[in-house]
Structures are given as structure tokens and as C-alpha cells.
Amino acid sequence: LATGPRQNNGVFYEIRTYDIKPSKMKEFVEMVNKYFHLRTAHSELVGFWSAELGAMNKVVHVWKYENFAQRTAVRHALANDNDWQGKFISAALPLMEKQHNEVAYLVPWCQLGKPPKEGGVYEWVTFQMKPGGPALWGEAFRAAINAHINTGYTKLIGVFHTEYGLLNTVHVIWWNESPDHRAAGRHSAHEDARVVAAVRDSVRFLESQKNMLLIPLQCSPLK
């Protein structure tokens, strides 16, 4: 079940997660940095990261599409792009162990943000919510997000909920100056009565959560 308001337009985001063979991670990242301009010539890349904590040998990248027709056209063009297929795909596929993709929308009350400066780290938090979508959990979840924002230690980049993939999943991307800055901020937040109250209210709708600390790759627009 997924109910509640969507974006007024057809914009959606494809989240692609690849597990890379442990001995091939360095080689894969080098290939991405060298050849990924061939891919971004076809559609808009939001961000590309490698996992530092919470997962290993994993990369996550997010693509923006105006509608499903655009994605279909892009996939067709990529399949017929000899440079992309020959220089990257044919060499990269043997380095991968697993691929996974999801389609997600920004929640109605969130716009895609940008970090105040380059050089920080990203925290990717995945929440598995009870069925019902933003109509059920949206307001309580928004209050919890805003409570963290109001502490001032972190920057919200985006809140996404899935349309394809495991439903009732919410991905939240945060930016922090450093892992230590994030740790200090979290410590303070846990002692903030407003944060504690908002979180206690929102966890009524929560099944589970998981987080990763991500480092942006050279090709990532979000750095």
C-alpha cells in the first residue's frame, strides 16, 4: 500500500546500488572517474558515492528523470552508444557482484538540496516504514526530520520514498562537514528534548532503519 500526494510533475529519481568485488573496488572507481562523462552525456546525475561505513565495496548513484518516457529513451541511447558500451560497460560488468535499482519520488514537502560547501561526507539513512505512504507517516516523519535540521549540525539533501523496489522505504540523505562533526551533532541531538519527542512520535510508523556513511566520487555533482 502506498497512498498520499505525489509530486505535481512526473520527475522521479532512480537509485542504483552496485556491490563491487572486494579486490576490484579501486579499479571500478578509477574507471568511473575516467569514463563516466560518457554516461552523464545522456541524463542528469544527482550524485555518486562509495560506502565508507555501514557497508563495504558498495557504490550508490542517483539519476533524475523528467518522466518514464525519458528514461526509456536514455536506456535505448545507452544501449546503442558504442563508446559507453565498449569503454565502460564491457570492462565494468566483470567487476560487479550485484546490481539493484529503485525508483523513488521526493516526498511532497522536500526539495532536493545542496551542501553549503564541498569536502564533506554524506549520510544515507534508509527507513522501512509501515504500509500507507506519506499520508500515514508523512507529518510525524517530517517533524522528526525538521527537529534534526533545527539542531543546526547537519544539512538535509533529500527525502525519497520508493515507487518501484521495496515499497514503504524512505531514503534520507544528509550532509555533514566530517564524520566527527556528525558524531558530535548526533550526541547533542540525543540530548535535545525536541528531537527526542519528535523521534518518539515518528517511530510508531517505523519497521527498521539502516545507515551508511558515503564519500562522493570525483564525478559526483554532489561533493
Item to check | Met96/Asp19 under side-chain contact (heavy atoms from CB on, under 4.5 Å): CA gap, chis, key distance, verdict | outcome: CA-CA 6 Å; Met96 302 180 191; Asp19 289 333; over 6 Å; no
Checklist entry - ring pair (Phe, Tyr, Trp, His ring centres under 6.0 Å) between Tyr65 and Tyr13: does it pass, once the steps are laid out? => result CA-CA 6 Å; Tyr65 292 102; Tyr13 299 84; 9.1 Å; no
Checklist entry - Do Lys64 and Val11 pass the side-chain contact (heavy atoms from CB on, under 4.5 Å) test, and can you show the C-alpha distance, the side-chain angles, and the key distance before you say yes or no? => result CA-CA 7 Å; Lys64 179 181 179 181; Val11 173; 3.7 Å; yes
Next on the checklist: Would Thr162 and Glu102 count as a side chain to side chain donor-acceptor pair (under 3.5 Å) here? Give the steps.
Outcome noted: CA-CA 7 Å; Thr162 54; Glu102 300 168 279; 5.2 Å; no
Next on the checklist: As a quick check of understanding, evaluate side-chain contact (heavy atoms from CB on, under 4.5 Å) for Val159 and Val170, giving each step before the final call.
Outcome noted: CA-CA 7 Å; Val159 181; Val170 184; 3.6 Å; yes
Checklist entry - Can you check side-chain contact (heavy atoms from CB on, under 4.5 Å) on Phe160 and Phe12, steps first, answer last? => result CA-CA 9 Å; Phe160 305 84; Phe12 67 87; over 6 Å; no
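Just one of Ile145, Leu112, Ile173, Asn146 meets the side-chain contact (heavy atoms from CB on, under 4.5 Å) condition when paired with Leu156; it is Ile145. Paired with Trp124 under the rule side-chain contact (heavy atoms from CB on, under 4.5 Å), one option of Val62, Thr17, Ile157 passes, and it is Val62.
A donor-acceptor pair is defined here as one N or O able to donate and one able to accept, closer than 3.5 Å; such a pair exists between the side chain of Ser178 and the backbone of His181. Between the side chain of Lys210 and the backbone N or O of Gln128 there is no donor-acceptor pair closer than 3.5 Å. For Ser220 (side chain) and Pro216 (main-chain N/O), no donor-acceptor pair under 3.5 Å exists by modelled atom type. Judged by distance alone, with hydrogens and angles left aside, the side-chain atoms of Tyr122 form no donor-acceptor pair with the main-chain N or O of Met212 at under 3.5 Å. No side-chain donor-acceptor contact under 3.5 Å links Gln85 to the backbone of Asp81.
The minimum heavy-atom distance between Lys223 and Pro115, with the atom names listed, is O-CG, 3.5 Å. Across Leu214 and Ala51, no two heavy atoms sit closer than the pair CD2-CA, 3.7 Å. Nearest approach of Cys219 to Val32, heavy atoms of both residues: SG-CG1, 3.6 Å. Considering every non-hydrogen atom in both Ala198 and Ala144, the closest pair reads CB-CA, 3.8 Å. Nearest heavy atom pair, residue Leu45 against residue Pro221, reads O-CG, 3.0 Å. The two residues Met25 and Ser50 come nearest to each other via the heavy atoms CE-CB, 3.8 Å.
Within 6.0 Å of atom CZ in Arg200, 12 or fewer heavy atoms from other residues, nucleotides or ligands are found, so the atom counts as exposed in its surroundings. Other residues, nucleotides and ligands contribute at most 12 non-hydrogen atoms within 6.0 Å of the CZ atom of Arg194. The 12-atom threshold is exceeded at NE2 of His190, counting heavy atoms of other residues, nucleotides or ligands nearer than 6.0 Å. The local environment of NE2 in His76 is sparse, with at most 12 non-hydrogen atoms from other residues, nucleotides or ligands closer than 6.0 Å. Other residues, nucleotides and ligands contribute more than 12 heavy atoms inside 6.0 Å of the CZ atom of Phe68. Heavy-atom neighbours of Gln99 CD from other residues, nucleotides or ligands within 6.0 Å: above the threshold of 12.
Trp84 contributes atom CH2, which lies 10.0 Å from atom NE2 of His37 (distance to the nearest 0.5 angstrom). Atom CE of Met129 is separated from atom CG of Asn168 by 9.0 Å, given to the nearest 0.5 angstrom. A distance of 9.0 Å separates CZ in Arg39 from CD1 in Ile89, rounded to the nearest 0.5 Å. Remark: Lys130 NZ to Arg204 CZ distance equals 8.5 Å, nearest 0.5 Å. Rounding to the nearest 0.5 angstrom, the gap separating the NE2 atom in His148 from the CG atom in Asn150 is 10.5 Å. With rounding to the nearest 0.5 Å, the separation of CG in Asn57 from CD in Glu97 is 7.5 Å.
Cluster annotation: Leu136 and Trp109 are assigned to the same hydrophobic cluster (Ile/Leu/Val/Met/Phe/Trp/Tyr, side-chain heavy-atom contacts under 4.5 Å, transitive). Note: the hydrophobic cluster containing Trp175 does not contain Leu53 (ILVMFWY, side chain heavy atoms under 4.5 Å, direct or indirect links). No path of Ile, Leu, Val, Met, Phe, Trp and Tyr side chains, each step under 4.5 Å between heavy atoms, connects Val59 with Val121, placing them in separate hydrophobic clusters. Cluster annotation: Val107 and Leu206 are assigned to the same hydrophobic cluster (Ile/Leu/Val/Met/Phe/Trp/Tyr, side-chain heavy-atom contacts under 4.5 Å, transitive). Ile149 and Val125 fall within the same hydrophobic cluster, where Ile, Leu, Val, Met, Phe, Trp and Tyr residues are linked whenever their side-chain heavy atoms come under 4.5 Å apart, directly or through other members.
Side-chain contact between Ile15 and His171 is present, with at least one heavy-atom pair separated by less than 4.5 Å. Between Thr151 and Asp192 there is a side-chain heavy-atom pair separated by less than 4.5 Å. Between Asn176 and Lys155 the shortest side-chain heavy-atom distance does not fall below 4.5 Å.
At a threshold of 4.0 Å, the pair Glu30-Lys34 does not count as salt-bridged, since none of the basic side-chain nitrogens sits closer than that to a carboxylate oxygen. One finds a salt bridge joining Arg182 and Glu123 here, because a Lys/Arg side-chain nitrogen approaches an Asp/Glu carboxylate oxygen to under 4.0 Å.
The aromatic rings of Tyr105 and His161 lie tilted to each other, with the angle between the two planes from 30° to 60°. Taking the six-membered ring where the residue is Trp, Phe28 and Phe48 present tilted rings, their angle falling between 30° and 60°.
Figure legend: cation-pi geometry between Arg71 and Trp63 absent, as NZ or CZ is not positioned both under 6.0 Å from the six-membered ring centre and within 45° of its axis.
The distance between the ring centers of His61 and Tyr18 falls below 6.0 angstrom.
Residues satisfying the salt bridge (Lys or Arg N to Asp or Glu O under 4.0 Å) criterion with Glu44, sequence neighbours excluded, are absent altogether. Partners of Tyr153 under the ring pair (Phe, Tyr, Trp, His ring centres under 6.0 Å) rule, at least two apart in sequence or in another chain, do not exist in this structure. Listed by chain and residue number, Phe141 satisfy the ring pair (Phe, Tyr, Trp, His ring centres under 6.0 Å) test with Trp137 (two or more places apart in sequence, or in another chain).
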